[in-house]
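Per chain, numbering begins at 1; letters A, B, ... match sequence-line order.
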There are 2 protein chains.
Amino acid sequence: MAISERKKRILAAVVEEYIRTAEPVGSKAIAQSGCLSCSSATIRSELAELVAMGYLEQPHTSAGRVPTPMGYRIYVNELMQRQKLSLEETEEMNRRMNLKLQELDATISDVSRLASQLTDYPALALTARSAVTIRRFDLIYVDANTFIMVLTLSSSVAKSKLVQLPVSVDQTLVQRLSSLFNAGFTGITEEQVTPLLIKSTERAADDTMGLSSVIAAFVIETLTEANSPAAFVSGENRLLNQPEFRDPDKAHRLMSYLSGGGYVLPPGAEPQESGEIRVVIGPENAAEELKDSSVILASYDAGDNTRGLIGVVGPTRMDYSAVAAKLSFLAAGLSRRLSSGGAPPEGMHNKLIIKGDDPNEHR
Amino acid sequence: MAISERKKRILAAVVEEYIRTAEPVGSKAIAQSGCLSCSSATIRSELAELVAMGYLEQPHTSAGRVPTPMGYRIYVNELMQRQKLSLEETEEMNRRMNLKLQELDATISDVSRLASQLTDYPALALTARSAVTIRRFDLIYVDANTFIMVLTLSSSVAKSKLVQLPVSVDQTLVQRLSSLFNAGFTGITEEQVTPLLIKSTERAADDTMGLSSVIAAFVIETLTEANSPAAFVSGENRLLNQPEFRDPDKAHRLMSYLSGGGYVLPPGAEPQESGEIRVVIGPENAAEELKDSSVILASYDAGDNTRGLIGVVGPTRMDYSAVAAKLSFLAAGLSRRLSSGGAPPEGMHNKLIIKGDDPNEHR
DNA sequence: TATTAGCACTCGAAAGGCGAGAGTGCCAGC
DNA sequence: GCTGGCACTCTCGCCTTTCGAGTGCTAATA
């Protein structure tokens, strides 16, 4: 049976009222809300049909109605109207973003913290798997026992390590290694760093001390890290604001799942284009722990052709409209700030595009 | 009035029983526990005196006794016996530490996560303020618009940044800057990086584009970061395991305080020597939010003459003895692994001491 | 035929009452 | 000074009652 226009309006009213109050919604409340011009009795019969169709349910015989996941799905797909952010809200968000991201080098943890603060729900940030390679390789000779490795990645980030040796090496070996690695290890993927390649570099450099394999190990480590999808969750404790998580055990279960950081997207739920918003409702989630929670995801352009994902987790009764609006604003702001073209700033200090290890990272 | 030996034993029994059960402790329970050879009536009169002295209190007239902060204080200072860890426990802890710290480069977040996992309480990790300086300064010329800055710190960590310029520079300027900065900016503290110094370097290098100030900004940023005490909290959600935090509001208050990361030690509570354990009980805490929680702190030697601090947060009714034992084991293990002398490993791979930017850091 | 008003009914949540039990303080006897 | 006994107190859990929101149904109405 198709859903009539009036049923849709009633469904939307139920969802919105339930989101607002977290209490089952009665026919009278809908009639009084004024968006429908019919009596509570009419609404009652419509509600009964919506229950039969599976969009609503009753916690018990004499209670109001509550949306089912199916009901939320219809709401999100068809009924929800994109909420507009007020001027104050956009200003506030811009202010916060600028505060956090002024170094033009947003760590994934910053992004998730920001999303959590702005929405007042727990948030997670994920980076997509990408195909970063080494663009340039340098070894700086410091003294007989020390050198510095510097790897410049194709994502325009520099990574470095100080290596202290228990044995002496001479400067020419370091130089030989530097140019050999720069020739052989740039532009290749992690899988292409084979034992064979390492072995041949070792031989070519006349490296009898196994330095090559140490260096190669750092190369692999760096590539692995740069390419693997990182995840970061923050604001788990904001769950406790929600009445559905007043049960400490329930809250604890979800919070420790989130802290574990093993969030997996259900198939097909990944937003494809930058700026797209996806909503995963209750049982649509892959993880058992999320079966009665919803996740709203947005994707943003993190520069260097990689996309990042921000997600917000809440009860199925979450404010989809408001969160989606905030998230898409946030994603747009991040894309603008992070993609290399953006954010024309003032002053020499800002005109430079600086990317590298963030000294603000805690360690 | 001095506390008699018997009173002490009774107090210890109350504290331990209360820690175990989280229920007010009655006279009968103590009598039956067998550690005292007197009747419940005797114990009752002793309990009444302990209440009068302020070491115990009653939630209501006909309930058992609960330790006051003063009672916990006496217990921690005088009565608690250092708990021995079982062989399995030490092995488990060693295993976990090795797992986490195999790269010999423990980030502060790893340390706090470890402490939280091992104790099953929220944990925080702090690094003490230290006096790191730049040991060596390098600029690598990449192309006319790009160079890499590499800062080697006195703590033997290398930090790097890739700088992309909107204008062209020639290689000789980069070299000049490199040697001038290496001469002028090494070995000095953050405060000594004055505008005057920057200005004179700029002039000496014939730097008309203001590169010097950009570079100096990175130097300051790096020094600030390296020297400022970093804090990291993990496992906040474990609070929910504790019966005293079954009230979601209470739990939420403390969790958001902890997530804020603004933990301040009360004066005098900082453990002075590596390995020392300090306990801060309830109202002794500086922050209002912690007034009915306790913090157990241990200090460890993080290498490079800096000390780190790990703390565990729980209700005042926390298992001081067990946590202190675990924490001191953990601190000892960290000291051993992190101070440069330690951990003789096998194989070339491990013989090298590698310090630098951790590619395992999420960003 | 769709809508509305009226009404009896249902069921959960909140409020009140009650007894059980744990624990106390006190007192008299050893 | 310690102990057993005893009356007293207070909370907790359980049960019952009440209250009210909300329903489904039916008959009247546009």
Side-chain angles (χ1 to χ4, degrees), chain A residues 1-11 13-15 17-18 20-68 71 243-244 246-247, chain B residues 1-11 13-15 17-18 20-68 71 243-244 246-247:
Chain A
M1 171 164 58
I3 221 175
S4 73
E5 192 54 38
R6 193 172 63 184
K7 278 203 181 58
K8 283 186 184 172
R9 292 182 61 183
I10 292 177
L11 180 55
V14 172
V15 172
E17 185 66 9
Y18 185 61
R20 209 173 55 80
T21 61
E23 301 277 311
V25 183
S27 54
K28 213 158 134 195
I30 301 174
Q32 283 173 350
S33 78
C35 62
L36 272 280
S37 53
C38 52
S39 78
S40 67
T42 313
I43 292 174
R44 268 204 294 284
S45 71
E46 293 281 52
L47 286 176
E49 285 179 53
L50 282 166
V51 169
M53 294 162 82
Y55 298 123
L56 295 177
E57 61 186 356
Q58 288 178 285
H60 51 264
T61 329
S62 80
R65 307 308 209 280
V66 166
T68 61
E244 22 276 282
R246 293 208 68 84
D247 172 14
Chain B
M1 170 164 58
I3 299 192
S4 73
E5 193 52 38
R6 194 170 64 184
K7 278 202 181 57
K8 283 186 184 172
R9 292 183 61 183
I10 292 177
L11 180 56
V14 172
V15 172
E17 184 68 6
Y18 184 61
R20 209 172 56 79
T21 62
E23 302 277 313
V25 183
S27 55
K28 212 157 134 195
I30 302 175
Q32 282 171 351
S33 79
C35 62
L36 272 281
S37 51
C38 53
S39 78
S40 68
T42 313
I43 292 174
R44 269 204 293 284
S45 71
E46 293 282 51
L47 287 176
E49 286 180 51
L50 282 165
V51 169
M53 294 161 82
Y55 298 123
L56 296 176
E57 61 188 354
Q58 287 178 284
H60 50 264
T61 332
S62 79
R65 305 310 206 279
V66 165
T68 61
E244 23 275 282
R246 293 208 68 84
D247 172 14

- Selected nucleotide, minimal atom distance to R6(B) side chain, candidates dT3(D), dT23(D), dC2(D):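 The answer is dC2(D).
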- Per A41(B) side chain, nearest of listed nucleotides dA5(C), dT3(D), dG24(D):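 Taking heavy atoms from C-beta onward, the closest nucleotide is dT3(D).
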- Just call it for A63(A): base, sugar-phosphate, or nothing, with non-hydrogen atoms closer than 4.0 Å on any strand.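 Sugar-phosphate contact only.
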- Task: Would you mind classifying the nucleic acid contact of S45(A) as base, sugar-phosphate or nothing, using non-hydrogen atoms under 4.0 angstrom?
- Result: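 No contact.
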- Task: Answer yes or no: is there a donor N or O on one side and an acceptor on the other, between the side chain of S40(A) and the main chain of A31(A), under 3.5 Å?
- Result: no
Ignoring hydrogens and angles, does a donor from either the side chain of [X] or the base of [N] sit under 3.5 Å from an acceptor on the other?
X	N	value
T42(B)	dC2(D)	no
R44(B)	dG5(D)	yes
S62(A)	dT23(D)	no

How many angstroms lie between atom [atom1] of [X] and atom [atom2] of [Y], to the nearest 0.5 angstrom?
X	Y	atom1	atom2	answer
M53(B)	L50(B)	CE	CG	6.0 Å
I30(B)	R44(B)	CD1	CZ	11.0 Å
R65(B)	S27(B)	CZ	OG	7.5 Å

- Message: Just N and O in the side chain of R65(A): are any of them under 4.0 Å from OP1 or OP2 of dT23(D)?
- Response: yes
- Message: Taking only side-chain N and O atoms of T61(A), does any of them lie within less than 4.0 angstrom of OP1 or OP2 on dG12(C)?
- Response: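 Indeed not, no polar side-chain atom of T61(A) lies that close.
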Nearest-angstrom distance from the residue atom [atom1] of [X] to [atom2] of [N]:
X	N	atom1	atom2	result
I43(B)	dT24(C)	CD1	C1'	14 Å
H60(B)	dT11(D)	NE2	C1'	5 Å
L47(B)	dC2(D)	CG	C1'	15 Å
E23(A)	dA14(C)	CD	P	10 Å
I30(B)	dT3(D)	CD1	P	14 Å
Q58(A)	dA21(D)	CD	P	17 Å
E49(B)	dC2(D)	CD	C1'	13 Å
E57(B)	dG23(C)	CD	C1'	17 Å

- Taking only residues two or more places apart in sequence, or in another chain, which ones meet T61(A) in a side-chain hydrogen bond (donor to acceptor under 3.5 Å, both in side chains)?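 Residues passing side-chain hydrogen bond (donor to acceptor under 3.5 Å, both in side chains) with T61(A): none at all.
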